[in-house]
Amino acid sequence: MDSKLTYKQALILSTLAAISVKNDKIDISQNALIIITAAGIITGTYVSKEMANSLNDDVTYAAFISIDKNAKEKFGDSFDFILLKDVTMITSMGVRNSFKCLHVFIDEIIALSFGNISQN
């Protein structure tokens, strides 16, 4: 990871760390990451290092990790995207798309939150 993060990258990293908080007094680890992009609202589970170990036998996850590894070999180890699993994307037209795994590029993120989202 680059030693000099942009503010946006630092904010995203801080949010990712926050949604993994779980102790005796607070547990927000069951919240989904909610990402606003020009393409729509994306919600899913952030694949943290701790979660990655449980996904090693998942073929889709393995393919995404392989793609990431190949890209890093070619272009360096920078913090340009985050990996989500069990993703729903809701477009501005209300169309819902589901993905098992999805790379979300940080420069496409307009806003970021966490919680649970529903659409009526």
Side-chain angles (χ1 to χ4, degrees):
M1 188 175 309
D2 294 342
S3 60
K4 181 92 169 145
L5 296 175
T6 66
Y7 179 76
K8 187 183 215 178
Q9 290 171 324
L11 184 67
I12 291 168
L13 280 172
S14 297
T15 302
L16 298 178
I19 61 174
S20 61
V21 169
K22 182 177 181 180
N23 61 38
D24 292 339
K25 296 182 181 176
I26 187 170
D27 181 2
I28 58 174
S29 62
Q30 297 303 310
N31 285 280
L33 192 60
I34 301 169
I35 301 170
I36 311 299
T37 70
I41 299 171
I42 300 170
T43 182
T45 303
Y46 166 63
V47 179
S48 65
K49 288 182 181 178
E50 294 77 23
M51 183 183 296
N53 293 333
S54 68
L55 295 172
N56 284 334
D57 294 329
D58 185 294
V59 175
T60 304
Y61 173 74
F64 272 74
I65 291 304
S66 177
I67 291 166
D68 176 47
K69 181 179 177 185
N70 190 26
K72 285 179 179 176
E73 286 173 0
K74 290 179 176 23
F75 298 104
D77 188 17
S78 63
F79 182 64
D80 295 327
F81 72 90
I82 55 177
L83 179 61
L84 301 177
K85 73 178 193 90
D86 304 325
V87 180
T88 300
M89 178 179 180
I90 306 167
T91 68
S92 60
M93 300 297 288
V95 176
R96 292 174 88 89
N97 298 294
S98 297
F99 306 92
K100 188 167 185 178
C101 290
L102 184 71
H103 283 122
V104 178
F105 294 96
I106 290 173
D107 58 348
E108 300 298 322
I109 295 173
I110 297 170
L112 177 72
S113 188
F114 57 87
N116 295 298
I117 192 168
S118 63
Q119 182 181 9
N120 297 330

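Quick note: numbers below take in every heavy atom, side chains included, and nothing from hydrogens, waters or symmetry partners. Nothing here was measured: the structure is a model prediction, and the numbers come from that model.
From L112, atom CG reaches atom CG of L11 across 6.0 Å, with rounding to the nearest 0.5 Å. Taking NZ of K85 as the reference point, atom NZ of K100 lies at 9.0 Å (rounded to 0.5 Å). Taking CG from L102 and CG from N97, the interatomic distance works out to 10.0 Å, rounded to the nearest 0.5 Å. Rounded to the nearest 0.5 Å, atoms OG1 (T88) and CZ (F99) are 9.0 Å apart. To the nearest 0.5 Å, atoms CG (L83) and OG1 (T45) are separated by 10.5 Å. Of the inter-residue distances, the one linking I82 atom CD1 with H103 atom NE2 reads 10.5 Å to the nearest 0.5 angstrom.
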Quick one: side chains of residues 32-41, donor-acceptor pairs under 3.5 Å with protein atoms, not counting sequence neighbours, listed by atom name and distance.
| residue | atom | partner | partner atom | Å |
| --- | --- | --- | --- | --- |
| T37 | OG1 | A39 | N | 3.1 |
| T37 | OG1 | G40 | N | 3.2 |
| T37 | OG1 | G40 | O | 3.0 |

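The backbone N or O of I106 sits less than 3.5 Å from a side-chain atom of K8, completing a donor-acceptor pair.
Minimum interatomic distance between L84 and Y46 (heavy atoms only, all atoms of both residues): CD2-CA, 3.6 Å.
When each of I90, I109, V104 is checked for a side chain to side chain contact (heavy atoms under 4.5 Å, CB included) with I42, only V104 meets the rule.
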Item to complete: Given side-chain contact (heavy atoms from CB on, under 4.5 Å), test D80 with Q9 step by step and report yes or no.
Response: CA-CA 8 Å; D80 295 327; Q9 290 171 324; 4.1 Å; yes
